[in-house]
Amino acid sequence: QVQLVESGGGLVQAGGSLRLSCVASGSIFNFNTMGWYRQAPGKQLELVAVISSGVGTNYTDSVKGRFTISRDNAKNTVYLQMDSLKPEDTAVYYCIAKVSLVSYVYWGQGTQVTVSS
């Protein structure tokens with residue numbers, strides 16, 4: 001069974017940093033695309049960052065210059081380095097992973113990130 005296990009969430013003051021990690025396991029195929037969604041209270045689900053093999057990275061405008069997505073293909077792990085955090089970054093962050101040519105997207109359980117002012 002495919003599983004995405006997240007870690008790194010928590011409480012941090014504005015201006016601080018956190019690094020989220022997501023380890024994917026259980027797939028016999030490479031996850032070509034991995035990324036992060038988030039959902040803040042009262043807000044719509046938002047794609048934060050995505051990294052795709054042979055394509056590169058994309059970020060939502062609000063996090064550009066502050067967040068960095070990266071991956072370790074050997075470990076099937078994706079990271080989200082979050083710097084200069086703002087209270088508006090407070091949300092549940094979800095890891096996603098997708099195999100090329102397969103429509104199904106796997107989701108992690110979500111991890112809470114809370115940024116205090």
request  = Please determine if Asp89 and Lys86 form a salt bridge, counting it only when a charged side-chain N lies under 4.0 Å from a carboxylate O.
outcome  = no
query = Is it true that the side chains of Thr60 and Glu46 contain a donor and an acceptor less than 3.5 Å apart?
reply = yes
ask   = Going hydrophobic residue to hydrophobic residue with side-chain gaps under 4.5 angstrom, can you get from Trp36 over to Val2?
value = yes
task = Mind listing the closest non-hydrogen atom pair of Thr111 and Leu20 along with its distance?
result = CG2-CD2, 4.2 Å
Reported CD1-to-CZ distance for the pair Ile51 and Phe31, which is rounded to 0.5 angstrom = 15.0 Å
message = Once rounded to the nearest 0.5 Å, what's the spacing between atom OG of Ser7 and atom CZ of Arg19?
response = 8.5 Å
ask   = Any donor-acceptor pair under 3.5 Å linking the side chain of Gln39 with the backbone of Val92?
value = no
query = Mind checking whether Val12 and Tyr79 sit in one hydrophobic cluster, side chains of I, L, V, M, F, W, Y counted as touching below 4.5 Å?
reply = no
ask   = Relative to the ring of Tyr94, is the ring of Trp107 parallel (under 30°), tilted (30 to 60°) or perpendicular (over 60°)?
value = perpendicular
key: Expected output: side-chain Asn58 to main-chain Val50 donor-acceptor under 3.5 Å   = no
task = Could you give me the CA-CA distance, side-chain angles and deciding distance for Asn30 and Asn76, then say whether side-chain contact (heavy atoms from CB on, under 4.5 Å) is met?
result = CA-CA 8 Å; Asn30 178 61; Asn76 278 328; 4.1 Å; yes
inquiry  = Is it the case that the side chains of Ser17 and Asp83 hold a donor-acceptor pair, with the cut-off being a distance below 3.5 Å and no angle test?
reply    = yes
query = Which heavy-atom pair separates Cys22 from Met34 by the least distance, and what is that distance?
reply = O-CE, 4.4 Å
request  = Return the minimal non-hydrogen interatomic distance between Ser117 and Ala14, and the atom names on each side.
outcome  = CA-CB, 4.3 Å
ask   = Looking at Leu80 and Ala49, what are the two nearest heavy atoms and their distance?
value = CD1-CB, 4.1 Å
ask   = Between Val99 and Val23, is there a shared hydrophobic cluster once you connect ILVMFWY residues whose side-chain heavy atoms come closer than 4.5 Å?
value = no
query = What's the verdict on side-chain contact (heavy atoms from CB on, under 4.5 Å) for Val63 and Arg38, showing C-alpha distance, side-chain angles and the deciding distance?
reply = CA-CA 12 Å; Val63 308; Arg38 69 184 180 186; 3.9 Å; yes
key: Distance (rounded to the nearest 0.5 Å) between Tyr37 OH and Gln44 CD   = 10.5 Å
request  = Measure from the side-chain N and O atoms of Arg66 to the backbone N and O of Ser84, and report whether any donor-acceptor pair falls under 3.5 Å.
outcome  = yes
key: Hydrophobic cluster identity match, Val113 and Leu45, side-chain contacts under 4.5 Å   = no
task = Report the distance from atom OG1 of Thr57 to atom CZ of Arg71, rounding to the nearest 0.5 Å.
result = 12.0 Å
key: Shared hydrophobic cluster for Tyr59 and Met82 (ILVMFWY, side-chain gaps under 4.5 Å)   = yes
key: Point-to-point distance, once rounded to the nearest 0.5 Å, from CD of Glu6 to CG of Leu4   = 7.0 Å
query = For residues Glu88 and Thr90, is any side-chain donor paired with an opposing acceptor at under 3.5 Å?
reply = no
ask   = What pair of heavy atoms forms the shortest contact from Ser70 to Val78, and how long is it?
value = O-CG2, 3.3 Å
remark   = In this structure, CD of Gln109 is separated from CD of Gln3 (nearest 0.5 Å) by 9.5 Å
remark   = Closest non-hydrogen atoms of Gly35 and Ile69, given as atom of the first, atom of the second and distance, are CA-CD1, 3.8 Å
